[in-house]
**Q** 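Dropping the structure in here first, questions after.
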Amino acid sequence: QVQLVESGGGLVQAGDSLRLSCETSGRTSDNYAMGWFRAAPGKEREFVAAISRSGSITNYAESVKGRFTVSRSDAKNTVYLQMNNLKPEDTAVYYCAAAATADPSRYYVARYSYPHWGQGTQVTVSP
């Protein structure tokens with residue numbers, strides 16, 4: 001069983017940057033494809049970004065393309081979400097998720113594909 005702990009959230013102004021981290025423990029992260037999701041107040045949890053087990057393939061929601069970058073360091077058992085040019089509509093609780101896979105190129109965008117989730121970290125962007 002893998003455990004996920006997010007950190008790095010906070011209150012920032014529009015145009016600022018934040019880097020979220022998701023540290024995994026319990027199992028080595030290199031067995032997992034990883035994803036980031038977010039849930040804004042009153043809205044369902046939505047896909048933000050995904051990275052394959054190998055780290056060579058990434059995928060992004062249209063709303064964050066060109067502004068967010070997902071990466072991973074298996075040596076540190078950590079996945080990152082670099083968020084630049086933040087907008088008020090990015091305000092949400094951000095969650096990381098893990099899905100075991102034998103395919104190093106596989107990534108997932110569907111919420112139901114991920115059985116393991118962190119507790120989330122709040123990101124608030126003021127105008």
Side-chain angles (χ1 to χ4, degrees):
Q1 183 81 2
V2 64
Q3 290 82 45
L4 310 174
V5 178
E6 303 95 335
S7 62
L11 172 62
V12 296
Q13 294 185 325
D16 285 350
S17 297
L18 276 177
R19 188 175 80 159
L20 305 183
S21 299
C22 173
E23 185 172 355
T24 65
S25 61
R27 296 288 296 271
T28 55
S29 64
D30 59 359
N31 292 318
Y32 294 85
M34 304 293 293
W36 286 96
F37 290 74
R38 67 186 181 187
K43 295 187 177 181
E44 290 193 355
R45 198 172 298 189
E46 65 175 6
F47 170 74
V48 175
I51 187 165
S52 63
R53 205 187 82 182
S54 68
S56 61
I57 300 174
T58 58
N59 188 272
Y60 299 92
E62 285 296 325
S63 59
V64 306
K65 268 184 187 177
R67 300 188 298 122
F68 291 12
T69 303
V70 60
S71 61
R72 63 189 300 159
S73 168
D74 291 329
K76 296 182 179 180
N77 287 325
T78 302
V79 177
Y80 305 97
L81 185 67
Q82 177 67 43
M83 306 185 295
N84 297 329
N85 190 22
L86 282 160
K87 304 176 180 181
E89 51 264 42
D90 295 317
T91 294
V93 177
Y94 283 72
Y95 301 88
C96 74
T101 176
D103 184 350
S105 299
R106 188 70 184 267
Y107 65 90
Y108 303 93
V109 299
R111 193 173 60 186
Y112 60 76
S113 297
Y114 291 93
H116 308 289
W117 292 84
Q119 293 300 307
T121 185
Q122 176 71 47
V123 172
T124 303
V125 185
S126 63

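Heavy-atom basis, side chains included; hydrogens, waters and symmetry copies ignored. We count residues from 1, following the sequence as given.
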**Q** Do side-chain atoms of E6 reach the backbone of G120 as a donor and acceptor pair under 3.5 angstrom?
**A** yes
**Q** Roughly how far apart are Y107 OH and I57 CD1, rounded to 0.5 Å?
**A** 7.0 Å
**Q** Would you check if the side chain of T78 reaches a backbone N or O of K76 as a donor-acceptor pair within less than 3.5 Å?
**A** yes
**Q** Please check if Y108 and I51 belong to a single hydrophobic cluster, counting links between Ile, Leu, Val, Met, Phe, Trp and Tyr side chain heavy atoms closer than 4.5 Å.
**A** no
**Q** If I compare all heavy atoms of A99 with all of S113, which pair ends up nearest, and what's the gap?
**A** CB-O, 3.5 Å
**Q** Taking all non-hydrogen atoms of both residues into account, name the closest pair between G8 and L18 and its distance.
**A** O-CD2, 3.6 Å
**Q** For Q82, I'd like to know if atom CD has over 12 heavy atoms of other residues, nucleotides or ligands within 6.0 Å.
**A** yes
**Q** Mind checking the SG-CH2 spacing from C22 to W36? Nearest 0.5 Å is all I need.
**A** 5.0 Å
**Q** Has E89 got more than 12 heavy atoms of other residues, nucleotides or ligands less than 6.0 Å from its CD?
**A** yes
**Q** Provide the closest heavy-atom pair for H116 versus L4 in the form atom of the first, atom of the second, distance.
**A** O-CD1, 3.5 Å
**Q** Would a hydrophobic clustering, with Ile, Leu, Val, Met, Phe, Trp and Tyr connected at side-chain separations under 4.5 Å, put V48 with L86?
**A** yes
**Q** Nearest 0.5 Å please: distance from the CG atom of N77 over to the OG atom of S21.
**A** 12.5 Å
**Q** What is the distance from atom OG of S7 to atom CZ of R19, rounded to the nearest 0.5 Å?
**A** 9.0 Å
**Q** Is there a side-chain contact between Y32 and T24, using heavy atoms and a 4.5 Å cut-off?
**A** no
**Q** Could you report the tightest heavy-atom contact between P104 and A102, atom names first, then the distance?
**A** CD-O, 3.4 Å
**Q** Check the hydrophobic clustering (I, L, V, M, F, W, Y; side-chain heavy atoms under 4.5 Å; chains of links allowed) and say if F68 and M34 are grouped together.
**A** yes
**Q** Report yes or no: is the cationic atom of R111 (NZ for Lys, CZ for Arg) closer than 6.0 Å to the six-membered ring centre of F37, at no more than 45° off its axis?
**A** no
**Q** Does Y60 have any ring-ring contact (aromatic ring centres under 6.0 Å, His included) partners at least two apart in sequence or in another chain, and if so, which?
**A** none
**Q** With a 6.0 Å cut-off (strictly less than), is the heavy-atom count around CD of Q122, excluding the residue itself, greater than 12?
**A** yes
**Q** Give me the atom names and distance for the closest heavy-atom approach of A98 to P115.
**A** O-CD, 3.3 Å
**Q** Do side-chain atoms of R72 reach the backbone of G55 as a donor and acceptor pair under 3.5 angstrom?
**A** no
**Q** Taking ILVMFWY side chains as joined if any heavy atoms are under 4.5 angstrom apart, and letting links pass through other members, which residues group with Y112?
**A** none
**Q** Can a donor-acceptor pair be found, under 3.5 Å and without considering hydrogens, that links the side chain of S71 to the backbone of V79?
**A** no
**Q** Do V64 and Y114 share a hydrophobic cluster, counting only Ile, Leu, Val, Met, Phe, Trp and Tyr and linking them when any side-chain heavy atoms are less than 4.5 Å apart?
**A** no
**Q** Would Y94 end up clustered with F47 when hydrophobic side chains under 4.5 Å apart are linked, directly or stepwise?
**A** no
**Q** Taking it one step at a time, do R38 and S63 satisfy side-chain contact (heavy atoms from CB on, under 4.5 Å)?
**A** CA-CA 12 Å; R38 67 186 181 187; S63 59; 3.5 Å; yes
**Q** Does a side-chain heavy-atom distance below 4.5 Å link M83 with L20?
**A** yes
